[in-house]
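Quick note on labels: first sequence line is chain A, next is B, and so on, each numbered from 1.
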Amino acid sequence: MSRRPSDDPFELAVRAVRDDGPSDLQVEGSRRRLRERLSGVHAARPSPVSRVGPPRVSRSRLALWLGAGGAVAAAAAVGLLLVGRPRVHAPAVSREPSDPSSMPDRLAGGAVSPGSTEEGRRAPTTPAAPTTEPQRLERQNPSQRSRADLHGEIVASEGAAFAQRKDLYAYAAFENWQVLPSPFAAAKIGKIDLVPGLVGTALRVRPAPRDSVPYAGLTFVLPVRAPLADGVTTRQQALDTQPPGPAPVDDLSMRFHVWLTPGFEFGKGGVLPGLLATPRQETGEGNEHGQRYVSVHFAWRPTGHLALIIEGAPGAKQSVTLPDPITLGRWHALALRVKLNTPDASDGTVEAWMDDVKVATLAGLRLRDDPALHLNRVLFRVRFPRPAPGSTGSASEILFDNLAAATGHLAARRP
Amino acid sequence: MIGVLAERIDTGSLPRTGDDLARVFEAHYKPLYRAAYRVIGNATDAEDVLQSVFLRLARGDLDVDAADLGRYLHRSAINAALDLCRSRWRSGRVTLVDDRHPRQSETPHAAEAADLRAWLRRALTTLSPRQAEMFVMRYLEGYDNQEIARLLDTSRAVVAVSLHRARTRLQREFRRLAGTS
């Protein structure tokens with residue numbers, strides 16, 4: 001029996017593309033940009049588009065495009081053509097076969113594999129079930145935190161070699177709830193607490209009750225500060241909520257370990273942390289939606305696949321779904337490197353790793369137009385979808401551990 | 001249908017001056033942009049495609065009758081967009097997709113539609129350039145076979161056969177992908 005046309009997936013695909021279109025705002029913005037870009041073009045060099053209609057016939061028609069202009073504008077316009085545009089290179093992922101036993105089900109209280117960590121070894125732990133005995137988050141005096149304490153924590157979590165890194169800009173292993181920055185403790189949406197993690201404790205985030213907010217989770221911006229090794233004495237300083245100002249960083253990496261509970265509801269998709277560039281000083285919920293910003297962060301899709309989202313860059317919000325799904329009940333290491341573009345050029349890059357396998361290379365990006373915009377925040381953003389009807393969403397929990405930001409490479413080996 | 005688009009954007013005379021070009025740009029930009037977007041699925045790339053098309057027009061590289069300017073630009077935008085898709089695909093790179101409506105795009109239905117769009121756009125790069133051009137003009141842009149035959153300087157029968165083959169191939173590819181016989 002043949003399908004009705006409306007049920008035919010092929011027809012649906014054709015219709016989906018046919019009905020896909022930019023918003024009126026996008027069209028108008030593009031029209032204005034291109035008109036401005038093309039004004040003054042004449043005697044342009046050959047177009048890189050290889051096949052545009054029938055063979056060319058020479059016609060003497062020097063374009064006095066939309067008024068005055070000169071060779072500089074022409075060169076600039078053609079230069080824009082020659083510059084790459086946002087692209088994703090998602091190489092075929094080759095990795096060792098999944099080994100479910102490498103990270104026992106933490107809910108069952110299994111022991112963590114000692115497994116190697118970047119630049120050092122991780123102290124084996126005997127984790128308890130993360131859902132038991134969470135610590136209450138009550139912020140205490142952060143000045144109690146000494147540099148030695150922080151150093152010891154990094155050594156315990158990452159190894160001695162890692163703690164010697166001079167390029168470390170921010171670090172949070174969520175070991176001591178006393179010094180968590182206040183927005184963590186003050187988060188009004190979602191539920192957060194500390195539970196046994198990879199080493200010591202991890203930050204657990206759970207969705208808020210269904211009726212409370214459309215999206216449950218928290219947004220907190222960890223400012224990037226001067227390198228820890230160069231005078232930051234406490235972690236509170238490193239993760240201060242009132243940073244002195246954006247650090248002039250245009251190339252920054254971050255890495256964190258994440259664990260999603262078995263039975264996690266991917267729902268309509270959700271948001272995970274990333275990096276943010278913003279000139280604004282405020283931190284807290286929603287501040288990434290400032291006048292000028294660009295953020296690159298991870299997300300999950302309804303299918304459970306990981307995704308990268310770019311927001312705030314010139315042009316539309318963009319995303320790409322990565323080839324690998326997130327395995328529930330297992331720690332993953334996610335890493336991100338963002339290199340901002342030279343202003344007025346499309347040479348920015350974004351790279352992403354999952355369990356030390358590069359899963360995306362986005363090249364030719366125009367992430368900023370404003371040269372004053374620099375990477376200066378770790379965007380610790382978690383958003384859950386609304387639970388499905390009939391579900392409380394209580395099975396959905398995310399644990400975070402060992403979040404680091406550095407100007408150098410941060411390995412993302414699976415714990 | 002979208003086939004009327006070309007009628008609407010015909011301007012009747014070739015641009016010879018900066019003013020003419022400005023007039024053509026304003027008259028044609030939006031429908032051409034939407035056509036390029038449908039093929040590529042990315043606003044930035046669609047803008048690049050339009051830039052190349054209008055630059056060629058400005059340089060006088062295009063050989064076209066004034067009466068056909070709209071259709072000709074339309075076809076040029078489609079071909080340039082397909083070229084870009086092919087070059088991306090050959091180099092192992094794919095395009096970021098716009099995510100303008102985050103909440104809508106996160107619904108299962110919207111996610112499924114996005115997957116279908118991504119599949120079809122990628123599948124178009126596996127067709128021959130001529131087949132892909134015909135397919136886009138017929139199924140995405142709403143031209144009928146006679147219009148396509150005239151624009152591509154061929155016969156209706158050739159267009160019909162090419163479209164049938166392209167469609168059959170894409171359907172077979174889709175079934176293979178979906179795991180159905």
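Counting only N and O atoms by type, the side chains of A:E265 and A:S396 include no donor and acceptor under 3.5 Å apart.
Of the two parts of A:D19, neither the backbone nor the side chain holds a non-hydrogen atom closer than 4.5 Å to a non-hydrogen atom of chain B. Interface residue B:L170: backbone and side-chain heavy atoms are both found under 4.5 Å from chain A. In this structure, no portion of B:I78 lies under 4.5 Å from any heavy atom of chain A.
Between A:F264 and A:W300, the ring planes are perpendicular. Angles over 60° get that label, and only those under 30° would be called parallel.
For B:F135, the ring-ring contact (aromatic ring centres under 6.0 Å, His included) partners are B:Y139, not counting sequence neighbours.
A salt bridge is defined here as a Lys NZ or Arg NE, NH1 or NH2 lying under 4.0 Å from an Asp or Glu carboxylate O, and B:E26 with A:R31 meets this definition. Salt bridge absent: B:E141 and B:R34 never bring a charged side-chain N and a carboxylate O closer than 4.0 Å.
Closest non-hydrogen pair, A:F266 versus A:P302, comes out as CB-O, 3.6 Å.
For residues 158-165 of chain B, an interface with chain A (any heavy-atom pair closer than 4.5 Å) does not exist.
In summary, of the residues considered (B:R156, B:R150, B:R138), a side-chain hydrogen bond (donor to acceptor under 3.5 Å, both in side chains) with B:N145 occurs for B:R138 alone.
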